[in-house]
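Worksheet for the structure shown next.
Every chain is numbered from 1, with letters handed out A, B, ... down the list of sequences.
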Amino acid sequence: MTATIQGPFRSAIAMSCRTRFAPSPTGFLHIGGARTALFCWLEARHRGGAFVLRIEDTDRERSTQASVDAILDGMNWLGLGWDEGPVFQTARFDRYRQVAEELVAAGKAYCAYETREELDAMRARQEAAGIKPRYDGYWRDRTDPPPDRPRVIRFKNPTTGKVAWEDRVKGRIEISNEELDDLIIWRSDEHPTYNFAVVVDDVDMRISDVIRGDDHVNNTPRQINLYEALGAPLPAFAHLPMIHGPDGAKLSKRHGAVSVMQYRDDGYLPWALLNYIVRLGWSHGDQEIFSIDEMVRLFSVGDVNQSASRFDFDKLRWVNQHWMRHDDPARIAPHLEWQLRDLGLDPAAGPNPADVVVALRDRCHTLREMAEKARVWYAEFESYDEQAVAKHAGGRARECLEAAHAALAGVPRAEWSPPAIDAALRRAAEAVGEGLGKVAQPLRVAMTGTAVSPSIDHTVFLAGQPRALARIERLLARLPSPAG
RNA sequence: GCUCCCUUCGUCUAGUGGCCUAGGACGUCGCCCUCUCAAGGCGAAAACACGAGUUCGAAACUCGUAGGGAGCGCCA
């Protein structure tokens with residue numbers, strides 16, 4: 001009996017989860033924003049709820065269409081799809097105006113007529129006196145005739161008591177109303193302010209869990225007072241700790257990548273980036289590697305910890321390599337192709353990229369490095385590393401290369417594969433009475449012009465039979481002729 | 001200045017009063033493996049900010065101190 005009631009009841013609660021990611025379009029999607037978006041997305045997915053994307057573009061000065069596009073591109077590249085939106089706040093001005101006017105009519109907000117200069121002066125006086133700058137409430141209860149000056153609408157914040165909430169990550173937070181002042185909700189230029197628009201939107205969109213950076217904790221009590229004035233049910237709040245740069249300072253350009261799209265350019269897999277950032281502030285025991293499905297299954301914003309973390313590029317690189325090594329090569333290949341093209345190489349002018357992934361994924365940490373190392377199979381190299389030639393092309397290199405050439409030429413075209421090549425090279429080594437290494441090193445120089453490459457069978461395989469033989473001939477041609 | 005938040009190895013973290021002479025991972029170092037470079041295996045160094053208190057017992061609870069962060073806009 002209990003079980004039959006429990007099931008539907010519980011899912012009804014889960015269904016009510018609605019989260020939103022609400023960036024302002026004043027730049028690209030940065031790494032902190034990406035993690036906030038991820039956590040919002042995961043919380044909604046985990047609870048079978050909805051994830052809403054909202055663009056907070058009420059600041060006409062700083063908002064740009066290019067930024068909107070950049071944010072959308074970032075979200076799409078990461079694979080964080082939204083169920084509703086994008087909703088633009090600029091499309092909702094009438095609604096904000098209506099709510100602001102209702103608040104005034106209800107005596108919960110009022111018009112104030114100070115100029116910016118007067119407010120600046122007030123602030124300066126308060127700071128000089130060493131007290132917290134706050135609006136003094138001059139117009140709060142005035143009934144004077146309104147002066148002939150631009151007006152703003154201010155919210156009548158309660159003057160006594162305190163605001164408290166149970167933050168899902170920070171725990172209980174309390175702030176006295178005496179710390180707060182009457183915030184402006186409607187500007188003199190007839191636009192809503194952030195703190196007001198957010199609340200109206202979150203109420204209208206029935207957001208159940210407000211998940212955002214902890215730079216917003218100080219805004220929360222004012223917003224809670226607004227919810228109450230509106231008679232709206234309170235959502236749960238979850239304030240995420242910040243992400244700093246490796247040196248503990250705010251993450252900035254000088255740390256390397258700030259925009260998530262830069263991570264694509266630098267050769268990271270989107271799901272690897274997600275795996276790395278999900279572990280910044282969240283964990284599940286000792287587990288380090290999470291597929292997207294696992295994250296959805298295991299994540300809860302209530303498990304996020306409370307302290308700021310630093311971005312560690314070394315660990316990101318490790319996570320990225322992990323996914324390059326453990327995913328299906330076919331899933332990695334398109335990303336490698338993107339990098340090859342970005343380097344000006346034609347993926348069709350060489351081996352199947354999936355085969356390149358198999359050969360190189362143990363040897364690099366990013367797709368960028370992989371593409372650079374793959375260059376030798378998509379274009380001819382121009383010169384040899386002379387040190388490599390000096391070290392490996394002396395001694396019996398000529399005999400070894402000739403034996404390798406003969407052995408490789410004997411591999412039927414249809415059987416051209418790493419195992420067949422390995423067998424051929426071992427036969428060649430045996431024929432000249434040397435270990436495989438004596439054949440492999442000069443051959444490696446012949447194949448790549450350098451002394452470093454993947455295992456010799458793959459290195460030769462990826463070159464393809466005609467190109468492999470040609471490259472052996474090319475090296476042989478520059479070696480001194482055999483004595484006698 | 002005021003308010004709020006935070007503090008376990010270099011870094012990300014486990015830890016919810018005894019299982020902790022504090023575990024894992026990245027990074028670092030050493031050894032093994034080996035056709036180069038990697039990857040992999042094994043191992044090492046490395047942390048509870050400090051001080052009081054609560055308790056039979058504190059990394060965990062409370063209070064201070066120090067340090068760090070955020071906010072205090074007609075920005076979001």
Side-chain angles (χ1 to χ4, degrees), chain A residues 22-26 56-59 61-63 89 112 114-116 119-120 123 126-134 150-154 167 170-171 173-176 178-181 183-195 197-198 213-221 239 241-242 244 246 248-250 276 279-289 305-319 321 325 360-365 373 388 391-392 422 425 429 435-445 448 450-457 459:
Chain A
S24 61
T26 53
E56 310 218 322
D57 55 351
T58 52
D59 185 348
E61 305 271 299
R62 298 196 300 152
S63 298
Q89 289 190 319
E114 287 85 0
T115 62
R116 286 170 202 257
L119 293 173
D120 288 345
R123 227 184 332 268
Q126 289 164 329
E127 274 167 17
I131 60 176
K132 189 172 182 169
R134 279 177 299 181
R151 64 94 242 263
V152 298
I153 298 176
R154 303 189 91 114
D167 196 276
K170 302 274 184 192
I173 299 178
E174 269 186 20
I175 293 179
S176 167
E178 287 161 31
E179 296 298 329
L180 275 23
D181 65 356
L183 71 153
I184 292 173
I185 59 176
W186 195 259
R187 306 190 224 167
S188 57
D189 67 356
E190 301 303 317
H191 283 262
T193 58
Y194 164 78
N195 278 112
V198 190
D214 71 5
D215 47 337
H216 288 283
V217 281
N218 292 287
N219 288 325
T220 306
H239 288 97
M242 316 244 75
H244 295 136
K250 194 173 168 194
Y276 174 69
R279 288 282 292 100
L280 257 25
W282 177 79
S283 60
H284 180 71
D286 287 337
Q287 188 170 341
E288 298 287 351
I289 298 300
N305 70 201
Q306 298 143 3
S307 47
S309 47
R310 298 186 187 201
F311 198 92
D312 181 355
F313 285 91
D314 285 332
K315 186 149 181 189
L316 200 216
R317 289 165 57 78
W318 175 79
V319 171
Q321 184 185 41
R325 298 198 328 122
L360 282 172
R361 60 182 172 179
D362 286 345
R363 301 174 159 75
C364 45
H365 292 84
K373 288 184 172 165
K391 185 168 181 190
H392 300 293
D422 183 70
L425 294 179
L436 181 59
K438 288 291 181 200
V439 174
Q441 276 313 94
L443 190 51
R444 178 166 276 120
V445 174
T448 68
T450 74
V452 178
S453 83
S455 61
I456 195 64
D457 52 349
T459 300

Who pairs with Asp215(A) by side chain to side chain donor-acceptor pair (under 3.5 Å), at least two apart in sequence or on another chain? none
When you check the phosphate oxygens OP1 and OP2 of rA76(B), does a side-chain N or O of Thr58(A) lie under 4.0 Å from one of them? yes
Between rA70(B) (C1') and Asn219(A) (CG): distance, integer Å: 11 Å
Does any non-hydrogen side-chain atom of Leu425(A) lie less than 4.5 Å from one of Asp457(A)? no
Please figure out whether Lys250(A) or Gly281(A) has its closest RNA chain B nucleotide nearer the 5' end. Gly281(A)
Counterpart residues, ring-ring contact (aromatic ring centres under 6.0 Å, His included), relative to Trp186(A) (two or more places apart): none
Can you measure Glu288(A) atom CD to rC26(B) atom P for me and round it to whole angstrom units? 7 Å
Please name the nucleotide paired to rG53(B) by Watson-Crick or G-U wobble geometry with both distances under 3.5 Å, or report none. rC61(B)
Spell out, as yes or no, whether a donor-acceptor pair under 3.5 Å connects the side chain of Thr450(A) to the backbone of Val452(A). yes
Considering only the P atoms, how many Å lie between rU7(B) and rA14(B), rounded to the nearest integer? 11 Å
With a 4.5 Å limit on heavy-atom distance, are the side chains of Ser63(A) and Pro25(A) in contact? yes
Regarding Glu114(A), tell me which of base, sugar-phosphate or nothing describes its non-hydrogen contacts under 4.0 Å with the strands shown. base
Atom-to-atom span, CG of Leu119(A) to P of rC72(B) - whole angstrom: 15 Å
Short N/O separations, protein against nucleotides 18-23 of chain B, under 3.5 angstrom:
residue : atom : partner   : partner atom : Å
rG23(B) : N2   : Asp286(A) : OD1          : 2.8

Atom CG of Asp422(A) to atom C1' of rU34(B): distance rounded to whole Å? 13 Å
Is there any protein nitrogen or oxygen under 3.5 Å from a nitrogen or oxygen in nucleotides 62-67 of chain B, and what are the pairs?
none

Watson-Crick or G-U wobble partner for rG27(B), using a 3.5 Å limit on both distances? none
Quick one: are Pro221(A) and Leu180(A) in side-chain contact, heavy atoms under 4.5 Å? yes
Provide, to the nearest angstrom, the distance between the CD atom belonging to Glu127(A) and the P atom belonging to rG71(B). 15 Å
What protein N or O atoms touch nucleotides 3-11 of chain B N or O atoms at under 3.5 angstrom, if any, and at what distances?
residue : atom : partner   : partner atom : Å
rU3(B)  : O4'  : Glu179(A) : OE1          : 3.4
rC5(B)  : O2'  : Lys170(A) : NZ           : 2.9

If I take atom CD1 in residue Ile153(A) and atom P in nucleotide rG73(B), what distance separates them, rounded to the nearest angstrom? 19 Å
Rounded off to whole Å, could you give me the CD1-to-P distance for the Ile131(A) and rC2(B) pair? 12 Å
With a 4.0 Å cut-off on heavy atoms, is Ser283(A) in touch with a base, just the backbone sugar-phosphate, or nothing at all? sugar-phosphate
Carboxylate-amine/guanidinium proximity below 4.0 Å for Glu114(A) and Arg151(A): no
Between rC61(B) and rU16(B), how far apart are the C1' atoms? Round to whole Å, please. 11 Å
Identify the two heavy atoms, one from Arg187(A) and one from Thr58(A), that lie closest to each other, and give their separation to 0.1 Å. NH2-O, 3.5 Å
Answer yes or no: does atom NZ of Lys438(A) have more than 12 heavy-atom neighbours from other residues, nucleotides or ligands under 6.0 Å? no
Between rC19(B) and rC31(B), how far apart are the two C1' atoms, rounded to whole Å? 33 Å
Go through the structure and list residues passing side chain to side chain donor-acceptor pair (under 3.5 Å) with His216(A), not counting sequence neighbours. Tyr194(A), Asn219(A)
Using the C1' atoms only, state how far rU8(B) lies from rG15(B), rounded to an integer number of Å. 9 Å
Could you tell me how far rA22(B) sits from rC5(B) if I compare only their P atoms? Round to whole Å. 32 Å
ring-ring contact (aromatic ring centres under 6.0 Å, His included) involving His244(A) - partner list, sequence neighbours excluded: none
Does Asn218(A) have any side-chain contact (heavy atoms from CB on, under 4.5 Å) partners at least two apart in sequence or in another chain, and if so, which? none
Which part of the nucleic acid, if any, lies within contact of Leu280(A), taking any heavy atom under 4.0 Å across all strands shown: a base, the sugar-phosphate backbone alone, or nothing? sugar-phosphate
Side chain to side chain donor-acceptor pair (under 3.5 Å) filter on Lys373(A), not counting sequence neighbours, yields none
Taking Ser188(A) for its side chain and Val152(A) for its backbone only, find out whether a donor-acceptor pair lies under 3.5 Å. no
Tell me the partner of rA45(B), counting only Watson-Crick (N1-N3 plus N6-O4 or O6-N4) or G-U wobble (N1-O2 and O6-N3) with both under 3.5 Å; none if nothing fits. none
Would you measure the distance from the P atom in rG27(B) across to the matching atom in rC12(B) and give it in whole Å? 15 Å
Using the side-chain heavy atoms of Val452(A), tell me which of these nucleotides is nearest: rC74(B), rU36(B), rA76(B). rU36(B)
Any strand: nucleotide that pairs with rC33(B) via Watson-Crick or wobble, under 3.5 Å: none
Applying salt bridge (charged side-chain N to carboxylate O under 4.0 Å, His left out) to Lys315(A) and not counting sequence neighbours gives Glu288(A)
Both distances under 3.5 Å, Watson-Crick or G-U wobble: report the partner of rC9(B), or none. none
Mind checking the P distance from rA47(B) to rG73(B)? Whole angstroms is fine. 44 Å
Scan every strand shown for a Watson-Crick or G-U wobble partner of rC72(B), both distances under 3.5 Å, and answer none if you come up empty. rG1(B)
Between rG73(B) and Arg123(A), is there an OP1 or OP2 to side-chain N/O distance shorter than 4.0 Å? yes
Just checking Asn305(A): base, sugar-phosphate only, or nothing, at a heavy-atom cut-off of under 4.0 Å? sugar-phosphate
Polar atom pairs (N or O), protein with nucleotides 40-47 of chain B, under 3.5 Å:
none

Under 3.5 Å, is there any donor-acceptor pair linking the side chain of Ser453(A) to the base of rC37(B)? no
Give one of base, sugar-phosphate or nothing for His216(A), where a contact means two heavy atoms less than 4.0 Å apart. base
Return no unless some side-chain N or O of Arg361(A) is found under 4.0 Å from OP1 or OP2 of rC37(B). no
Only counting residues at least two apart or in another chain, list the ones meeting ring-ring contact (aromatic ring centres under 6.0 Å, His included) with His365(A). none
I need the OH-C1' distance between Tyr194(A) and rG71(B), as an integer number of Å. 12 Å
Examine rC75(B): is either OP1 or OP2 under 4.0 Å from a nitrogen or oxygen in the side chain of Arg187(A)? Give yes or no. yes
For rC6(B) and rC48(B), measure between their C1' atoms and round to the nearest Å. 15 Å
For the pair Tyr276(A) (side chain) and Arg317(A) (backbone), establish whether a donor and an acceptor sit closer than 3.5 Å, ignoring hydrogens and angles. no
Taking the side chain of Ile184(A) as its heavy atoms from C-beta onward, which of rC74(B), rU36(B), rA39(B) lies nearest to it? rC74(B)
For the residue pair Thr220(A) and His239(A), establish whether any side-chain heavy-atom pair is separated by less than 4.5 Å. yes
